[in-house]
Amino acid sequence: LHTTKPAPTPSPLRASKFYQANMRILVTGGAGFIGSHLVDKLMENEKNEVIVVDNYFTGSKDNLRNWIGHPRFELIRHDVTETLLVEVDQIYHLACPASPIFYKHNPVKTIKTNVMGTLNMLGLAKRVGARILLTSTSEVYGDPLVHPQPESYWGNVNPIGVRSCYDEGKRVAETLMFDYHRQHGIEIRIARIFNTYGPRMNIDDGRVVSNFIAQALRDEPLTVQAPGTQTRSFCYVSDMVDGLMRLMEGKHTGPINIGNPGEFTMLELAETVKEIVNPKVEIKMVENTPDDPRQRKPIIAQANKSLGWEPKVKLRDGLPLMVEDFRQRLGVPKKN
Ligand code: NAD
Ligand code: UDP
Ligand code: UDP
């Protein structure tokens, strides 16, 4: 005889006012620059529980000091190249050194982090049915022959250069994401992040905005790498976090460019930092590193259309916020 099961009655806990439909969110690389700002934003929502996994290669517990000990927060020292067993609903996969001096320091580890780390997070997403977002990079466009760069551009990347561990690593990570999506039906999101700046950047990580600000505060010459006419587009970190969260919550897999289309030459950037931070500082031309992309600027029409996103903070407004943070961390008093 055929009987239908009665619909389950809601559990008394669910009906009680103490129940919260918590969303468990894993942030890999959450002790880093962008990751820690993302955690701040995710923790603002009382329904979110956040688990950070980080090996502290370039990140620091200090970036998460506001949350350590909080009942909805957990910090795990773990390397994503190893298997990870946690139960979560969403994964923001950021773990990977982002600054050239760090990712070139141990290139084999960098490519392992990109390939094995992303594979492990996809294996985890598959096992628990989580949605996973990868922070890819504008470096997948290499030294672009198309300018500005739309998502449809396949890039111009040297497969055997000193940057390849990072840019080819991220390209494989994107491939893995799409293969798991097509083969296993995993829900994926891919952000192609363009240069991002803001408080909590590593002071001595060699990236241009952090270098110039630290140099200006220390009265050291701003080191513009030749020829100085190469361009970048700089996005303030709060705009970046907003874009990443919209992408995660939206319907589009991407890849989607997230960046600020305001384009500056490195000489212009140096002049701007000089004007804002220390008008007396010298600007010095120094030798460049191999394979430095000559230009970079995102087309963000896709993010605008499918996520309703656009950056709000202009370079001239974002720089002073970062200067304040660097001033405190470097112990440089304000001059009147
Ligand atoms: P970051 O170096 O500050 O943060 C990366 C974090 O990942 C650090 O906390 C580091 O300790 C951790 N990590 C590195 N390898 C790990 C491993 N094997 N296991 C566990 N943790 C590991 O860098 P960020 O600027 O915050 O970048 C975050 C993400 O955004 C990266 O994936 C990066 O590639 C991407 N991205 C950043 C930029 C940018 O301008 N900042 C541009 C493009 C893409
Ligand atoms: N993995 C993980 N956590 C999980 C499930 C899988 O870290 O909860 C890792 C696992 O160690 C494996 C990778 O993810 O190396 C890929 O997993 P998948 O199940 O897709 O492949 P398989 O284990 O069959 O090779
Ligand atoms: N750069 C510079 N002076 C510095 C550090 C970097 O002129 O002290 C230049 C570098 O040559 C590159 C640009 O700034 O053209 C951006 O470099 P960064 O390492 O910040 O990021 P990425 O190359 O990954 O975009």
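Keep in mind that the numbers below use all heavy atoms, side chains included, and drop hydrogens, waters and symmetry copies. The first residue in the sequence is number 1, and the count goes up from there. Whatever order the structure lists them in is the order used to number ligands and atoms, beginning at 1.
Between Arg207 and ligand 3, no N or O atom pair is found at a separation short of 3.5 Å. Taking any N or O of Leu85, backbone or side chain, none lies under 3.5 Å from an N or O belonging to ligand 2.
Heavy-atom proximity to atom 3 (N) of ligand 3, evaluated over Asp205, Asp292, Val208, Thr223, is greatest for Thr223. Looking at Thr118, Val128, Thr81, Asn120, it is Asn120 that brings a heavy atom closest to atom 1 (N) of ligand 2. Of the candidates Ile193, Thr196, Asn202, Val208, it is Thr196 that places a heavy atom closest to atom 40 (O) of ligand 1. The residue among Lys61, His78, His93 with a heavy atom at the shortest distance from atom 20 (C) of ligand 1 is His78.
Only the backbone of Tyr56 comes within 4.0 Å of ligand 1, counting heavy atoms alone; no side-chain atom from C-beta on gets that close. Residue contacts with ligand 1 for Lys170 involve side-chain atoms from C-beta outward but no N, CA, C or O (heavy atoms, distance under 4.0 Å).
Protein heavy atom nearest atom 27 (O) of ligand 1, with residue, atom name and distance: Ala98 CB, 3.6 Å. Here the heavy atom of the protein found nearest to atom 5 (C) of ligand 1 is Cys96 O, 3.3 Å. Of all protein heavy atoms, the one lying nearest to atom 21 (O) of ligand 3 is Asn195 ND2, 3.4 Å. The protein heavy atom nearest to atom 16 (C) of ligand 3 is Arg232 NE, 3.6 Å. Looking only at heavy atoms of the protein, atom 1 (P) of ligand 1 is closest to Thr58 OG1, 3.7 Å. Nearest non-hydrogen protein atom to atom 13 (N) of ligand 1 is Asn55 OD1, 3.3 Å.
Under a 4.0 Å criterion applied to the non-hydrogen atoms of Gly206, ligand 3 contributes the atoms 5 (C).
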